[in-house]
Student: 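Shown below is the structure under consideration.
For this chain, numbers begin at 1 and follow the sequence in order. No experiment lies behind these values; they were computed from the predicted model shown.
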Amino acid sequence: MQIHRISCPCAWQIYLLSLLTHILLVASSSLSNSYNDFLALLSLKSHITGDPKQALSSWDAASNDTNKPVPDFCQWTGVTCGGRRYPGHVTGIHLQYYDLAGTISQDIGNLTYLHFLDLSSNNLTGEIPSSLSNCRKLRTMNLSANHFSGSVPSPLGRLSMLKIFDVSHNSLTDEIPMTLQNVTTLMILRIEVNSFHGQILSWLSNLTSLTHLFLAKNNFSGSIPADLYLGFNQLAGSLPLDIGFTLPRVRVFGTHENNHFEGIIPASLSNASQLKYLLLRGNQYHGVIPRDIGTHGNLNVFSVGHNELQATEPRDWDFLTSLTNCSNMEILDLEQNKFSGFMPISIANISRALKWLTIGRNQIVGTIPSWIVMFHKLTKLILEDNLFTGTLPKDIGRLSSLQFIDLSQNVFEGQIPQSLGNITQLSNLSLSNNFLAGSIPTSVGNLTSIGSVDLSNNLLRGQIPQEVLTIPSLTILLNLSTNALSGTIPTQIGHLNSLGTIDLSMNKLAGEIPEAIENCVQLRFLYLQGNLLQGQIPKGLNTLGVLEKLDLSSNNLTGPIPNFLESIRTLNYLNLSFNNLSGPVPDTGVFCNGTILSVTGNSMLCGGPPFLHLPSCQSKHSHKVSQHQLHIIIFCTIGTLIFCLCSVTTYCFINRRITPTFVGQEYIFHERISYAELHAATESFSPANLIGSGSSGNVYIGTLIFDKNLTIVAIKVLDLGQQGVNRSFLAECNALRRIRHRKLVKVITVCSGMDRNGDEFKALVLEYIGNGSLDKWLHPDKMTNSMISRKLSLMRRLYIALDVAEALEYLHHHIDPPIVHCDIKPSNILLDDDLVGHVTDFGLAKIMKSEACKINHPEIGSSSFAVNGTIGYVPPEYGSGSKVSMDGDVYSYGVLLLEMFTGRRPTDSFIDGVANLVDYVKKAYPNNLLEILDANIASYSRDTSAEDIIDTLIYPIFRLALACCNDSPRQRMKMHSVVEELNAMKKHAVQM
């Protein structure tokens with residue numbers, strides 16, 4: 001018993017000693033693990049080479065001795081610890097948006113309790129550490145928006161608890177490691193905007209928890225599995241028809257932008273009950289939208305713009321009815337498809353949460369419904385380029401959340417509502433290319449957030465409201481061009497000191513250009529052409545140090561050209577033509593480049609670069625002519641004139657067979673060459689020398705001697721037996737005697753007299769254009785082998801179109817009185833050796849009696865001969881008796897463009913109820929233009945995608961042509977605008 005009493009205390013002590021030992025061991029282990037985390041954090045810091053925001057300044061490395069206490073790193077910036085569950089262990093690192101530079105240390109793998117890692121939006125480089133695979137508890141890894149390179153480490157497939165993996169917006173390469181298929185917990189996988197390549201692997205469908213997959217902007221190839229987000233990857237093909245069954249949990253489904261998906265939208269997508277974001281924009285989907293697409297009611301975003309989807313029958317719009325179930329719908333995007341007709345009234349039942357409604361670039365008709373104002377949360381409204389009519393809603397100002405309005409290129413009329421000024425959050429307003437009338441409401445000045453205003457190409461009148469010119473937020477664009485605005489330019493324009501573009505061209509603005517323009521120091525583009533502005537070019541323009549384009553043409557400006565214009569280094573376009581400027585032209589800076597400078601139409605200018613061909617300026621020190629010398633000069637001048645007049649009268653009396661014809665007091669033609677000379681030049685008008693024929697006569701090639709040089713010419717012999725040919729000859733002489741333009745065929749001389757039989761003979765001697773007519777190039781004779789291989793490239797056709805447009809612009813806008821050609825067609829366009837187009841045949845030309853002409857040339861009347869024209873090119877209003885106008889030439893030019901790019905004559909037969917070439921193109925516009933493009937167009941010589949060619953050349957040229965062929969003459973473009981657009985197309989095409 002003694003022994004027993006002695007042994008009991010020993011056992012108890014042994015037990016207590018054992019327990020104490022265990023506690024000490026656990027504490028020691030925990031301390032060791034904490035110290036390992038501490039060392040791992042220090043290693044991370046040591047690899048950071050840049051820390052501009054001092055994010056890691058709290059990461060204290062004072063203790064690295066195991067015998068001393070470990071610093072409380074749980075208090076360091078961006079570090080979180082596990083609390084009660086994982087005391088003393090790092091469970092999270094959150095260092096996003098600190099602009100950190102450097103690499104990630106491999107020691108990060110020692111943070112074995114790490115749950116969250118977010119190093120996004122920094123400047124980190126190097127490779128992703130493979131040691132991260134040791135962080136088995138990791139739930140979130142976000143390394144996006146850095147500069148990581150290399151590949152995604154395969155060992156990361158061991159992270160069996162990972163839910164979010166985001167390495168987007170880096171420079172990662174190679175293929176996606178297949179080991180990621182083992183991470184079945186993954187819900188969000190973001191690897192967009194990298195350089196991954198290879199196959200899009202089918203194992204992605206094994207990620208059964210996946211709700212968001214982003215593969216955008218990579219280089220993947222191969223077939224398309226049933227994945228979720230495939231944007232920006234240059235992918236093609238069609239979607240699996242059962243995709244809605246295989247991915248019922250998908251929330252984001254996107255194939256949008258920069259892909260080439262085609263086919264129909266699978267009806268099975270209606271079964272994806274969790275679908276919130278359907279992003280199919282920017283592909284080639286066609287057919288109708290599934291009618292039950294919104295049945296489950298969870299869609300927030302429905303974006304199918306920029307496809308080939310259609311709705312031509314009322315039942316095709318049934319999908320809108322199903323979308324009314326989506327009570328949280330925020331974006332409805334249908335723009336640039338083939339939707340036509342009236343939208344059903346069911347759209348009024350779409351969610352009141354709607355923020356974006358974009359249905360532009362379709363063929364939707366009707367008016368803006370009154371219920372549109374019920375969508376109070378609407379921030380973007382795009383109805384551009386449709387067939388909407390009627391007036392704008394007077395209470396549109398109730399849409400107070402709107403930030404972007406584009407109602408351009410419709411048929412809206414009436415006034416701009418005053419309530420528009422209530423939309424104070426509006427940043428972009430475009431109402432251009434409509435029929436809006438009245439004045440610009442002063443309430444526009446209340447738009448204190450507006451950055452861009454475009455009211456161009458309407459029927460607006462009155463003065464420019466001062467309130468519009470005092471909006472401080474207006475920094476991008478103010479375009480009021482091509483209206484009927486009058487009055488002066490308000491001095492308040494100087495308040496627009498941050499604005500980049502001002503376009504007030506083609507109005508009736510008068511007065512001087514205000515000096516206050518000097519305050520617009522950020523102005524890059526200033527267009528004031530086509531007004532009635534007077535006075536001198538203001539000195540204030542000297543302060544516009546970033547000005548790139550300045551157009552003051554077609555005004556009444558006077559005085560000298562300021563020398564400071566040559567010192568604006570950014571200026572790359574200057575048009576001062578058709579004013580009354582005088583004095584010397586500078587010869588440095590922008591004035592050295594003839595391609596970006598125009599000063600024509602200023603008769604009192606002198607000097608300047610040689611290419612301007614201006615007279616030399618008189619010396620400032622030239623002596624004044626005395627009164628006695630002046631009398632002598634006047635006497636001699638009068639005597640010389642009397643002598644010349646007597647000589648001409650005597651000459652005409654002797655040569656009575658020549659009957660000079662007058663316009664006012666000027667001769668139309670003189671006999672400068674004889675019938676005998678033309679007879680010899682054409683080898684007796686041999687059929688072998690016949691190069692063309694028409695209703696007014698034949699054209700021969702011949703050789704004549706001018707100034708001792710043998711010259712090849714074209715001789716147009718008129719058939720005087722045809723009715724009206726004499727009038728045609730007079731009209732052509734009337735026109736050609738006044739015009740000088742490199743894109744018009746030059747007249748060398750004329751012949752009017754008798755032939756060998758004593759019959760009346762008339763002929764025009766023209767410069768010879770060696771490559772024949774455009775008609776022969778567009779419609780080659782298949783029986784002539786030499787014509788078979790002749791093809792015009794897309795770019796060459798664009799250049800020729802520009803040549804013709806420049807010639808017509810000159811005739812319409814750059815001579816007074818203007819001339820209407822009246823017979824623009826391919827056979828009247830001749831191509832020289834460089835395939836430059838030259839307009840010829842002015843037999844039907846009509847000299848217009850413009851307002852300026854009435855003042856300056858009261859003796860000249862408009863031509864009175866009947867206008868025949870050519871069937872297919874004659875504008876429709878001529879058939880109803882309307883007077884000849886420049887708008888008629890524009891219509892003919894539009895038909896010419898359509899013929900040039902379709903290869904179809906306007907007199908061809910068309911099927912499917914299409915009446916003419918214009919309707920034929922309208923039916924294909926804008927989505928089927930490649931189908932009607934001339935098959936004889938030579939291949940585009942540059943390495944350019946079909947999409948670029950369509951966007952840069954084909955779509956714009958057909959759009960321009962149809963704008964010229966508008967049934968309403970007043971809605972057709974003017975030739976100067978046509979030239980501007982063609983030049984812009986040419987510039988963009990050259991840069992491709």
Student: Quick one: are Asp454 and Leu429 in side-chain contact, heavy atoms under 4.5 Å?
Tutor: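 A side-chain contact is absent here, since even the closest heavy-atom pair is not under 4.5 Å.
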Student: To the nearest 0.5 angstrom, please state how far the CG atom of Leu933 sits from the CZ atom of Phe901.
Tutor: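 If we round to the nearest 0.5 Å, Leu933:CG and Phe901:CZ are 8.5 Å apart.
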Student: Considering all heavy atoms of both residues, which atom of Leu982 and which atom of Ala805 are nearest to each other, and what is their separation?
Tutor: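 Between these two residues, the closest heavy atoms are CD1-CB, 3.8 Å.
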Student: So, Ser427 side chain and Ser449 main chain: donor-acceptor pair closer than 3.5 Å or not?
Tutor: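 Judged by distance alone, no pair lies under 3.5 Å.
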Student: With distance as the sole test, does Thr902 use its side chain to make a donor-acceptor pair with the main-chain N or O of Leu898 at under 3.5 Å?
Tutor: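 The answer is yes, because a donor-acceptor pair under 3.5 Å joins these two groups.
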Student: Should the ring pair Phe375 and Trp371 be called parallel, tilted or perpendicular, given that the plane angle runs from 0 to 90° and is split at 30 and 60?
Tutor: perpendicular
Student: Keeping Asn531 on the side-chain end and Asn507 on the backbone end, is there a donor-acceptor pair under 3.5 Å?
Tutor: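 Confirmed, Asn531 side chain pairs with Asn507 backbone.
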Student: Please give me the minimum heavy-atom distance between Val890 and Met973, naming the atom from each residue.
Tutor: CG1-O, 3.3 Å
Student: If I take atom NZ from residue Lys355 and atom CD from residue Gln403, how far apart are they, to the nearest 0.5 angstrom?
Tutor: 9.5 Å
Student: If you round to the nearest 0.5 Å, how far is CG of Asn362 from OG of Ser340?
Tutor: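 Ser340 OG to Asn362 CG: 8.5 Å, rounded to 0.5 Å.
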Student: Consider side-chain contact (heavy atoms from CB on, under 4.5 Å). Of Leu420, Leu378, Leu399, Asn428, which one does Ile405 pass it with?
Tutor: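 One option only clears the test, and that one is Leu420.
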Student: Mind listing the closest non-hydrogen atom pair of Asn483 and Asn458 along with its distance?
Tutor: OD1-C, 2.9 Å
Student: Would you find a donor on one side and an acceptor on the other, under 3.5 Å apart, between the side chain of Asn579 and the backbone of Leu552?
Tutor: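 Yes.
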Student: Could you walk me through whether Val468 and Leu478 pass side chain to side chain contact (heavy atoms under 4.5 Å, CB included), step by step?
Tutor: CA-CA 9 Å; Val468 176; Leu478 174 62; 4.1 Å; yes
Student: Taking Ser408 for its side chain and Asn433 for its backbone only, find out whether a donor-acceptor pair lies under 3.5 Å.
Tutor: no
Student: Please examine the side chains of Val921 and Phe958, heavy atoms only from C-beta on, and report whether any two atoms are closer than 4.5 Å.
Tutor: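 Of all side-chain heavy-atom pairs linking Val921 with Phe958, at least one is under 4.5 Å.
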Student: More than 12 heavy atoms of other residues, nucleotides or ligands under 6.0 Å from NZ of Lys377: yes or no?
Tutor: no
Student: Charged N to carboxylate O below 4.0 Å: is that the case for Glu548 and Arg524?
Tutor: yes
Student: List the steps and the verdict of side chain to side chain donor-acceptor pair (under 3.5 Å) for Ser303 and Asp333.
Tutor: CA-CA 5 Å; Ser303 177; Asp333 168 27; 2.7 Å; yes
Student: Side-chain contact, heavy-atom cut-off 4.5 Å: Leu504 with Ile502?
Tutor: yes
Student: Under 3.5 Å, side chain of Arg361 to main-chain N/O of Ile359, donor-acceptor pair present?
Tutor: no
Student: Is any side-chain heavy atom of Val365 closer than 4.5 Å to one of Thr389?
Tutor: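 Of all side-chain heavy-atom pairs linking Val365 with Thr389, none is under 4.5 Å.
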Student: How about Ile440 and Leu485: do any of their side-chain heavy atoms sit closer than 4.5 Å?
Tutor: yes
Student: Applying side chain to side chain donor-acceptor pair (under 3.5 Å) to Asp889 and His812, what does each step give before you reach the verdict?
Tutor: CA-CA 9 Å; Asp889 269 2; His812 290 184; 3.0 Å; yes
Student: Does Ser443 form a side chain to side chain donor-acceptor pair (under 3.5 Å) with Gln418? I'd like the steps, not just the answer.
Tutor: CA-CA 6 Å; Ser443 63; Gln418 282 282 352; 3.2 Å; yes
Student: Answer yes when Asp887 and Lys974 have at least one side-chain N-carboxylate O distance shorter than 4.0 Å, and no when they do not.
Tutor: yes
Student: Under a 4.0 Å threshold between the charged nitrogen and the carboxylate oxygen, would Glu877 count as salt-bridged to Lys883?
Tutor: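 Not counted as a salt bridge, because no side-chain N and carboxylate O are separated by less than 4.0 Å.
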Student: Begin with the C-alpha distance, continue with both residues' side-chain angles, and end with the deciding distance and a verdict on side chain to side chain contact (heavy atoms under 4.5 Å, CB included) for Leu509 and Ile464.
Tutor: CA-CA 9 Å; Leu509 299 173; Ile464 299 175; 4.1 Å; yes
Student: Give a yes-or-no answer on whether the side chains of Asn966 and Ser968 include a donor-acceptor pair shorter than 3.5 Å.
Tutor: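 Their side chains do not contain a donor-acceptor pair, so the 3.5 Å distance test is not met.
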Student: Indicate whether the side chain of Gln534 and that of Glu512 have a donor and an acceptor atom separated by less than 3.5 Å.
Tutor: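 The criterion, which ignores hydrogens and geometry beyond distance, is not satisfied for Glu512 and Gln534.
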Student: Under 3.5 Å, side chain of Asn555 to main-chain N/O of Leu533, donor-acceptor pair present?
Tutor: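 It does hold such a pair.
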Student: Grab the two heavy atoms, one from Ser351 and one from Cys326, that are nearest each other, plus how far apart they are.
Tutor: CB-O, 3.3 Å
Student: Taking the six-membered ring for Trp, are the ring centroids of Tyr873 and Tyr893 within less than 6.0 Å of each other?
Tutor: no
Student: Taking the side chain as everything from C-beta on, heavy atoms only, tell me whether Thr367 gets closer than 4.5 Å to Phe388.
Tutor: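 In short, these two side chains do not touch, never coming nearer than 4.5 Å.
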Student: Could you give the distance from CG (Leu526) to SG (Cys520), rounded to the nearest 0.5 Å?
Tutor: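 Reported value, rounded in 0.5 Å steps: 8.5 Å.
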Student: Testing the basics here: between Ser346 and Thr321, what is the closest heavy-atom pair and its distance to 0.1 Å?
Tutor: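 So the two residues come closest at OG-OG1, 3.7 Å.
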Student: Where do Ile350 and Leu323 land on the side chain to side chain contact (heavy atoms under 4.5 Å, CB included) test, with the steps shown first?
Tutor: CA-CA 7 Å; Ile350 292 288; Leu323 290 178; 3.9 Å; yes
Student: Is the cationic atom of Arg972 (NZ for Lys, CZ for Arg) positioned less than 6.0 Å from the six-membered ring centroid of Tyr891 and within 45 degrees of its normal?
Tutor: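 Relative to the ring axis of Tyr891, which defines the angle, Arg972 lies outside at least one limit.
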Student: Determine the minimum heavy-atom distance between Asn410 and Leu407, stating which atoms define it.
Tutor: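 Looking at all heavy atoms of both residues, the closest pair is ND2-O, 3.2 Å.
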Student: Heavy-atom distance under 4.5 Å between the side chains of Leu309 and Val288, does that happen here?
Tutor: no
Student: At what distance, to the nearest 0.5 angstrom, does CD of Gln425 lie from OG of Ser400?
Tutor: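 Between atom CD of Gln425 and atom OG of Ser400 there are 6.5 Å.
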Student: Could you go step by step and tell me if Met985 and Leu960 meet the side chain to side chain contact (heavy atoms under 4.5 Å, CB included) rule?
Tutor: CA-CA 11 Å; Met985 293 179 210; Leu960 176 67; 3.9 Å; yes
Student: Taking atom NZ of Lys338 as the centre, does the number of heavy atoms from other residues, nucleotides or ligands within less than 6.0 Å exceed 12?
Tutor: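 Check passes, neighbour count above 12.
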Student: Parallel, tilted or perpendicular: which fits the ring planes of Phe339 and Phe319, with parallel below 30° and perpendicular above 60°?
Tutor: tilted
Student: Is there a ring pair (Phe, Tyr, Trp, His ring centres under 6.0 Å) between Tyr925 and Tyr955 once you walk through the steps?
Tutor: CA-CA 8 Å; Tyr925 179 86; Tyr955 173 77; 5.5 Å; yes
Student: Quick check for you: to the nearest 0.5 Å, what is the distance between Asp395 atom CG and Arg398 atom CZ?
Tutor: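 It is 5.5 Å, given to the nearest 0.5 Å.
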Student: Checking Ser419 side chain against Lys394 main chain: does a donor-acceptor pair fall under 3.5 Å?
Tutor: yes
Student: Return yes if some donor-acceptor pair links the side-chain N/O of Asn927 with the main-chain N/O of Glu308 below 3.5 Å, else return no.
Tutor: no
Student: Flag the pair Gln492 / His495 as yes when at least one side-chain heavy-atom distance between them is below 4.5 Å, and no otherwise.
Tutor: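 Gln492 reaches His495 side chain to side chain.
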Student: Ring centroids only, cut at 6.0 angstrom: are Phe404 and Trp356 within range, meaning strictly under it?
Tutor: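 Ring centres of Trp356 and Phe404 not closer than 6.0 Å.
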Student: Please check if the side chain of Asn479 supplies one atom and the backbone of Ser456 the other of a donor-acceptor pair under 3.5 Å.
Tutor: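 Not at all, since once roles are kept as given, no pair shorter than 3.5 Å links the two residues.
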